[in-house]
Each structure stands twice: as C-alpha cells, then as structure tokens.
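Letters A, B, ... are given to chains in the order of the sequence lines, protein chains preceding strands, and every chain is numbered from 1.
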Amino acid sequence: MRCHFTPFGLKYDQIFYYGETRWPQMDHCKAEISRVLAPLTKMEASRIAGLLEEPPSPELGDLAFPCFILAGQWKKSPAEIAADLGRALAGRRGECWERAEARGPYLNFYLNYPLFIRDVLKRIYEAGPDYGRSDRGQGGVIVIDYSSPNICKPFGIGHIRSTVIGHALCLILEAMGYRTIGINHLGDWGTQFGKMIVAYERWGEDEKLYQDPVNYLYYLYVRFHQEAEENEALEEEARAWFKRLEDGEEAAVNYWKLFRRLSLENYEQIYDLLGIKFDYYHGESHYNDMLDDVIRMVQEKGVAVESEGALIVDLEKYGLPPAMLRKKDGATLYLTRDLAAAMYRHRTFNFVKALYVVGAEQKLHFQQMVKILELLGFPWAQDCIHVPFGLIRFKEGRMSTREGKMILLEEVLRRAINLAREIIEEKNPDLADKESAAKMVGLGAVRFGDLSNDRVKDIEFDWDKVLDFSGETAAYIQYAHARICSILRRGGSALPEWSEEAVAALGREEEKALVKTLAAYPGKIEASAASYRPSILARYLIDVARDFNRFYHECPVLVDNPQLRQARLLLILAVRQVIKNGLGLLGIAAPEEM
RNA sequence: GCGCCUGUAGCUCAGUGGAUAGAGCAGCGGACUUCUAAUCCGCGGGUCGGGGGUUCGAAUCCUCCCAGGCGCACCA
C-alpha cells in the first residue's frame with residue numbers, strides 16, 4: 001500500500017546528476033567572458049566560468065564576476081579589484097557582451113542583446129516542440145512507481161500527489177532522453193483484503209455493491225474499523241482470511257478478484273480524465289509467485305534470521321530497525337513484495353534508476369529495502385530511489401481513510417471543472433467549446449496546485465485555494481497562452497516567418513527580460529529532472545507568464561510598423577512554444593481560448 | 001527514548017554560499033472606446049524559529065536548543 005495517508009523524507013540527497021545548468025546561449029557567453037578574464041585574473045577559464053553568476057537585477061548587467069576570491073592573494077579589497085578589472089576592460093566588447101562595468105565588489109557584464117535575442121528566438125523557432133528536450137538520458141530506462149492506490153478504498157485527494165508528481169516525472173525524464181516505464185503498484189494485496197472479506201461476509205449486500213462499488217467498499221472498510229474497536233476478534237479473523245487468500249483458497253480469491261475489478265474500473269475513469277496511462281498495472285499481487293524465491297534467497301545468503309517464529313533481517317549495524325520478511329503465521333509482508341518487485345523490475349527492464357513516488361512516511365521502508373538489496377549483493381540497489389512527498393492535511397489534522405476523514409479526488413476535480421465552466425460562462429460567453437476549456441482549466445488548477453510547491457512539504461487542503469484561478473496558478477499560465485493564441489489569430493492567417501532582420505527590432509526592457517527567461521527553459525527541465533522536483537518547472541512557467549504579461553501590457557504586438565510587428569509576433573510565438581512545452585511536461589493542457 | 005522532515009511578510013509559499021530576502025493571497029489606491037482585466041501598475045508589511053560556529057560573505061553549511069509533523073517486529 002503506497003499511499004494510505006501521510007508525509008516526509010529526503011531533500012537533495014537523491015540527485016543522480018546535477019551538472020551545470022545547460023543554458024546554451026548563456027553558457028556560450030560565460031565561456032567567452034571567462035576567456036577574456038583568464039589572463040587578467042591569472043585563473044583558469046573553466047574556474048571563472050563556474051564563478052560567474054547572474055546579478056539580482058537587470059541594471060546590474062547579465063553576468064557578474066565576484067572578485068572576493070582574489071582579495072587574499074592580491075592584497076586588495078574586492079571593490080578595488082573589480083575597479084581594476086573594469087578599467088582594463090574599458091571600451092572593450094566581445095561577441096556576446098557589449099560592455100563590462102565594475103560595481104562594488106563585482107565586475108558586471110552586459111549582454112550583446114541583439115545577438116542574444118536572435119540566437120534564443122531562432123533556437124526556439126527551429127526546435128519548436130523539441131525546445132528544451134535533450135538526449136542526456138541516452139535511452140536509459142527509468143522505472144517510475146507511482147499513483148499506486150489501494151484497492152477497496154476510494155481514490156482520495158491524498159492519492160493525487162503521487163499520481164501527478166509521478167506522471168510529471170515520467171514526462172520530464174522522457175524529455176531528458178530517458179525511456180520511462182510507469183508502473184501502478186496497486187495496493188491489491190495484504191491484510192486489508194482479509195478485513196474487506198470479513199466485512200463483506202458479515203454486512204455486505206450484493207445489490208449495494210454493484211450499485212456504487214467503491215463507495216460501498218469504502219463504507220464497509222470504515223465500518224470494519226469502527227466495529228473492530230469494540231471487537232478485537234475481527235482483526236484476528238481478518239488475518240486468517242488473508243492467510244487463506246495467500247494460500248489460494250477459492251472463496252477468498254473470488255472475493256479478491258471482484259473487489260479488485262470493481263475498484264480498478266473506478267480508478268481508470270479518473271486516469272482517463274487526467275490523461276494518464278500506465279505501462280503496467282503490476283500491483284502487489286503481481287509478485288505473489290516470486291515471494292518464495294525472495295525468502296529462499298535471503299535465507300541462503302544468510303541475510304535473514306529466524307526470530308520469535310518470524311523471519312527478519314537484522315539491520316542494527318546500519319542504524320536501521322530490523323525488517324520483517326515473513327510473519328510467524330507464514331504470511332509475507334509489504335517489504336517482501338517490494339523486494340520481489342525491485343528484483344523483477346531490474347530483471348525485466350534493466351533500469352538505470354527505479355523511482356518510488358511514495359509518501360515520505362515510508363522512508364524507513366525504502367531504506368530497509370535498499371539495504372537488504374545491497375546485502376543480497378545487487379550492485380543496482382542504490383539505483384532504487386525513494387522520491388518522497390509530504391502529506392495533504394486538513395487544518396484540523398491529518399486525513400484518515402479508515403475514519404472516513406477524506407476528500408474524494410473525483411469531487412475535487414468535478415468542482416474545479418464546474419467552477420472553471422462558470423467563470424468561462426461569465427468571461428467568455430461566446431467561446432465555442434466551453435466544456436473542453438473548462439476541463440483544461442479545472443484539471444490544470446488541481447494539478448498545478450500540487451506540483452507548484454516543493455514536494456517534501458505538507459499541503460494543507462483548502463477548498464478556496466484549490467478553486468482559485470488567480471495569481472500563481474495554472475490558469476495564469478494558461479491565460480497567457482490563450483492570449484498569445486488570440487493575438488496570433490488576429491495577426492494574420494499564417495504564423496510569422498523567421499526573420500533575423502525583424503527580430504533586430506526587439507530591445508525594450510520587457511522584451512529582453514522575456515527572452516532571457518525563455519532561454520532558461522532547458523536548464524529548468526534539467527534541474528527538475530535532477531532533483532525529481534516538478535515544482536522547479538512549475539514555478540518557472542509562472543515566471544514566463546509574468547514576464548509575458550508585463551510585456552503584453554507595455555508593448556502592443558499588432559502595430560503598424562511591419563518589422564516590429566513581425567518581431568513581436570515571433571517573440572510571442574516563442575513564448576507560446578515554451579508555455580505549451582512546459583505545461584505539457586506537467587501534464588497540463590494549454591488552451592487556445594478560455 | 002531514537003531517527004527523519006519542516007519552520008522565511010497577517011495567510012500560502014519561492015529562494016540548494018554572494019549585491020537592498022522575493023512572489024501570490026488578503027488590505028488600500030490606480031489602469032479596460034485599444035491584441036481576452038482569469039491581467040497589469042503602485043503602497044504598506046520581515047528578530048529568515050532561537051543561540052553559537054565556519055566563511056571575505058549564511059535564509060542557505062556545521063552544532064546545540066525550541067516548536068510542529070512523520071516514522072521506529074508480526075499493518076501497508
């Protein structure tokens with residue numbers, strides 16, 4: 001069971017690459033400036049390139065060399081050194097930069113914007129949908145275990161995190177040139193089935209089950225826990241039923257199949273709505289016939305020992321609590337199935353990484369899993385990576401499926417779409433396909449709300465926030481996209497042709513800032529992929545939309561001057577491309593009208 | 001008790017060693033005969049949980065506290 005409820009884990013320690021941010025045009029400038037500074041500072045050009053940074057505001061230039069590190073050996077203040085270097089470069093310019101100027105302890109370089117704008121826009125124009133994609137992954141396989149809801153429980157808001165984060169990571173890593181395999185590790189095995197069977201045997205009615213399967217199963221699940229409070233025998237009975245299920249007893253298996261099928265049908269409706277397709281629905285039960293091998297292996301390798309009738313792995317040496325692989329009644333555990341799953345995945349897909357997009361409360365579980373794989377001698381153990389996220393909670397406290405304190409994802413999605421529809425009805429009553437736009441905006445809002453914050457943090461569930469379409473939201477980004485589409489529609493029948501002469505007309509502050517932001521896109525994808533944090537990309541898209549909105553208010557596109565008009569059309573075409581590509585990687589649609 | 005995560009503006013959060021710590025929301029004030037006002041502009045608002053340390057430089061790294069959250073053998 002991946003996502004019953006809850007939070008926490010690691011932050012930056014699971015990065016598998018985090019090299020220099022690729023920012024082609026900017027990197028080119030850094031290289032050139034480093035070559036200029038190398039003889040003046042007597043430092044290696046590559047070292048200088050690593051020190052160059054972006055100033056906090058545009059008046060301070062575009063790249064800065066901090067002079068602090070030279071202060072010691074030159075026996076001068078950083079400000080004096082900056083001034084010296086500034087004098088040495090007075091009147092000089094390079095291909096990428098047009099001037100250098102000392103400002104306090106920094107030497108600031110100002111970009112040659114005509115060239116920079118031309119290069120960035122041309123690159124986006126030529127790459128189109130591929131802008132930002134790379135082949136860095138070289139087709140390596142990354143298995144992503146995500147969503148993984150629990151059969152017999154409704155798809156709650158708590159499951160949305162794994163679902164949308166996992167899906168976005170699939171898309172982002174694919175853009176980085178990896179081949180991703182999305183696996184839905186359904187919670188379709190375990191003692192909860194014993195509980196469900198007990199509940200159904202005692203209180204279940206077929207009619208009600210078929211009428212509204214998931215909610216009825218949920219009702220039984222909650223009722224079981226209520227009654228179990230008074231009657232401890234129920235838990236024991238449930239364990240016994242689960243054992244019968246593991247032993248393959250027909251009555252138990254038939255219940256299991258029924259519950260599983262009914263739940264899955266419900267989940268698939270939600271996945272369809274969200275546009276998510278898994279490569280495999282390999283739930284926990286998929287590994288049932290591999291468990292004996294796992295048990296045999298840990299015993300043969302002397303990794304596990306018998307203790308009080310159970311089979312455990314002592315991990316004390318590694319600062320971890322013991323891990324149990326088989327209970328005294330002979331039944332296996334979650335961890336046993338995860339070990340089998342990891343081995344199966346490596347055997348089958350030969351992955352370079354296996355990601356587990358699972359709540360942070362399961363950190364210990366994955367630490368134990370990786371350590372046991374290591375003890376078993378699998379060199380790829382360290383490639384199994386838990387990508388944790390915080391829990392969604394109410395103001396009053398945590399959600400609890402078994403106490404019935406939860407919110408249905410379906411309801412959240414429905415309300416978001418309904419509200420989007422109302423707003424469209426009010427703001428754009430003539431829109432042709434309101435339903436489609438409402439879906440894009442409503443679903444985008446829910447997704448973005450989850451993706452835009454750092455995943456390790458808890459999220460407080462608040463209807464007002466979920467149903468907010470202003471400020472830093474998906475709608476803000478989508479609206480910028482729709483506006484651009486609108487201008488392009490009015491600007492002529494065909495899309496603007498590339499023209500270096502026309503683009504030379506760009507140079508206003510709003511235009512420069514916008515182009516600089518667009519240039520950062522490939523680096524943001526890399527950073528998102530490297531730290532498995534879609535929030536980096538999500539936040540970046542807010543920046544793009546904001547820069548576009550500022551431009552939009554200051555710079556009319558459809559002006560009379562044909563060259564400026566074409567230049568701005570090319571600029572917004574590039575903005576549209578970046579927004580569309582970026583939202584696409586978050587699984588969010590970019591409406592042409594809204 | 002032990003371990004892990006979090007703590008930044010009234011609220012929700014950006015900010016993974018560099019220049020005056022930034023957004024959104026909420027509040028107040030402006031901008032639609034002009035490419036969609038789901039937008040933009042302005043104003044106010046901070047002991048970056050606290051103390052020590054490392055560093056030319058710390059919200060960021062180390063350490064000790066405090067607060068909240070989550071875990072820690074027969075659940076998943």
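Among the protein residues, A:Gly190 comes within range of the sugar-phosphate backbone only, with heavy atoms under 4.0 Å from sugar or phosphate atoms but none that close to a base. Nucleic acid contact for A:Cys67: none, since no nucleic acid atom lies under 4.0 Å from a heavy atom of the residue.
Of the candidate nucleotides B:C4, B:C56, B:C41, B:C41 has the atom nearest to the side chain of A:Arg550. Taking only side-chain atoms of A:Arg533, from C-beta outward, the nucleotide of B:U16, B:C13, B:C75 with the closest atom is B:U16. Of the candidates B:U39, B:C25, B:C13, B:U39 carries the atom nearest the A:Tyr479 side chain, counting heavy atoms from C-beta on.
One can place NZ of A:Lys465 at 13 Å from C1' of B:A26, the figure rounded to the nearest angstrom. Rounded to whole Å, atom P of B:G24 lies 11 Å from atom CG of A:Asp543. The CD-C1' distance, from A:Glu237 to B:C75, rounds to 18 Å in whole Å. At whole-Å resolution of the value, CG in A:Leu558 and C1' in B:C35 are 5 Å apart. Atom CD1 of A:Ile542 and atom C1' of B:C25 are 13 Å apart (whole Å). Atom pair A:Lys524:NZ and B:A14:P shows a separation of 14 Å (rounding to whole Å applied). For A:Glu472 and B:A23, the CD to C1' distance is 5 Å, given to the nearest whole Å. The CH2-P distance, from A:Trp463 to B:C11, rounds to 24 Å in whole Å.
Taking atom C1' on both B:U20 and B:G57, the two are 15 Å apart, rounded to the nearest angstrom. Look at the C1' atom in both B:U16 and B:U60: the space between them is 7 Å, to the nearest Å. Between B:G49 and B:A9, the distance separating the two C1' atoms is 15 Å to the nearest Å. Separation of the P atoms belonging to B:U47 and B:A59 is 14 Å when rounded to the nearest angstrom. Comparing the C1' positions of B:G15 and B:U8 gives an interatomic distance of 9 Å, to the nearest angstrom. Across B:G29 and B:G44, the matching C1' atoms stand 11 Å from one another, rounded to whole Å.
Both distances falling under 3.5 Å, in either a Watson-Crick or a G-U wobble arrangement, place B:A67 opposite B:U6. Across every strand in view, B:A37 sits unpaired, with no contact that passes the Watson-Crick or G-U test at under 3.5 angstrom.
A close approach under 4.0 Å does occur between a side-chain nitrogen or oxygen of A:Ser486 and OP1 or OP2 of B:U36. Residue A:Arg239 places none of its side-chain N or O atoms closer than 4.0 Å to OP1 or OP2 of B:C74. Contact annotation: A:Lys457 side-chain N/O to B:G69 OP1/OP2 distance is not under 4.0 Å. The side chain of A:Tyr476 contributes an N or O atom lying less than 4.0 Å from OP1 or OP2 of B:C40. Regarding contacts with the backbone of B:A37, a side-chain N or O of A:Tyr552 is found under 4.0 angstrom from either OP1 or OP2. Distances shown here put every side-chain N or O of A:Arg565 at or beyond 4.0 Å from the OP1 or OP2 atom of B:C35.
Note on A:Asp247 versus A:Lys243: salt bridge recorded, some NZ/NE/NH1/NH2 to OD/OE distance being below 4.0 Å. Salt bridge A:Arg239/A:Asp329: absent, no basic N to carboxylate O contact under 4.0 Å. Using a 4.0 Å cut-off between a side-chain N of Lys or Arg and a carboxylate O of Asp or Glu, A:Lys195 and A:Glu227 do not qualify as a salt bridge.
Scanning atom types as modelled, no donor and acceptor separated by under 3.5 angstrom connect the side chain of A:Arg490 and the base of B:U36.
Residue A:Ala323 comes nearest to A:Leu335 through the heavy atom pair CB-CD2, 3.4 Å, listed as atom of the first residue, atom of the second, then distance. Scanning both residues, A:Leu333 and A:Leu325, for their nearest heavy atoms gives CD1-C, 3.6 Å.
Nucleotides of RNA chain B nearest to A:His553 and A:Asn428 differ in position, and the one nearer the 5' end is that of A:Asn428.
For the residue pair A:Asn549 and A:Arg546, no side-chain donor N or O sits within less than 3.5 Å of a side-chain acceptor on the partner.
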